[in-house]
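Since the structure comes first, as structure tokens, the remarks are kept for the end.
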Amino acid sequence: MKAKVYVTLKKSIADPQGNAIQNALRKLGYTNVEEVRIGKLIELDLGDITADEANAQLVKMCEGLLANTVIEEYKFELC
Amino acid sequence: MKFGVIVFPGSNCDIDCFHAVKDALGHEVEYIWHDTEELDGFDCIILPGGFSYGDYLRCGAVARFARIMDAVRTHAAAGKLVIGICNGFQILTEAGLLPGALVRNKNLKFICDTVPLRVETTDTPFTSLYKKGEIINIPIAHGEGNYLVDEDTLKKMKENGQIVFTYVDNPNGSMENIAGVCNEQKNVLGMMPHPERACEEILGNTDGLRLFESIIAAVESESVISAQAVKNRHTGTRRKSAMETSRSKPIAFTQKEELLHD
């Protein structure tokens, strides 16, 4: 079972990296870009487990290490 | 008293901390490798600055799982002193020993400078020798020092006097200009600025010295209380020591003494 975990800063928290990239994109001519948020993509190979087991593990992994829930939110998908 | 400086892979201010305690203050200090399991015999543990585990994932996120961190938790739970400086502060927030989190500086730059700080409270074992409201100059060197905490926690921290240092001119975007905070019991301090780099005349700045001297005064008073408590228990009397009546008695002492008397 493979999974992709996406970790991003909470919407309420300013993302200076995203702002810098937004400015760079505007300089490239993409003046329509209204917001850029930077996050992390974490790919995992969870071995031979069921989807239910994977879901349960991923929640614990995200809460315990992959995301800092004080500042970040996460979502994941199995693939 | 004895200080311990924890060394994680990637720590790089461990030598500065060791030097400040041993040579500037003349106190006993030992390095403690991150794989150690116990912290017996240490009065104050320093988590130094640096880039533990390469700052992989988030600053301090991996160091939090080092074997030594269980012993740090036990040490803190016993009311003993822990100070995290820079990366050490980040580790303490990731470990949940301090509230909040540290994110990328607002201007995205790594800032290396000496900045003025305001001492917000002297009612901690780390700041008792400063004056409340005093402005001190302490070096900073960080890329992720922007302190964030949710509003409810911030309110409680303010009420409980847990904001210890603030920046006079906010360099990194920290909420409420926060540069250093302590836990509710006030025996765990985290700060982004580096007091260990401001302990010697030859470096042009000794404003950090009193932080370490406060720690030493706190621990030495505590051992006086402990000795007195044991003595009183033997003689069956309980006189009030000077520290018990002191207005600025750190909470850590109260807990320790209650333990001794209960």
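Residue numbers begin at 1 in each chain, while the letters A, B, ... track the order of the sequences.
- Within residues 44-53 of chain A, no residue approaches chain B closer than 4.5 Å by heavy atoms.
- Comparing B/Leu148, B/Val103, B/Val149, B/Leu57 by how many heavy-atom pairs each has under 4.5 Å with chain A, the most go to B/Leu57.
- In this structure, chain B has a heavy atom under 4.5 Å from the side chain of A/Ile71, while its backbone stays farther away.
- Considering every non-hydrogen atom in both A/Val70 and B/Gly100, the closest pair reads CG1-C, 4.0 Å.
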What donor-acceptor contacts under 3.5 Å connect chain A and chain B, backbone and side chains included?
| residue | atom | partner | partner atom | Å |
| --- | --- | --- | --- | --- |
| A/Lys40 | NZ | B/Leu57 | O | 2.7 |
| A/Gly64 | O | B/Arg64 | NH1 | 2.9 |
| A/Gly64 | O | B/Arg64 | NH2 | 3.2 |
| A/Leu65 | O | B/Arg58 | NH1 | 3.0 |
| A/Leu65 | O | B/Arg58 | NH2 | 2.8 |
| A/Leu66 | O | B/Arg58 | NH1 | 3.0 |
| A/Asn68 | ND2 | B/Glu94 | OE2 | 3.2 |

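- Annotation for B/Ala61 and A/Leu65: closest pair O-CD1, 3.7 Å, computed over non-hydrogen atoms.
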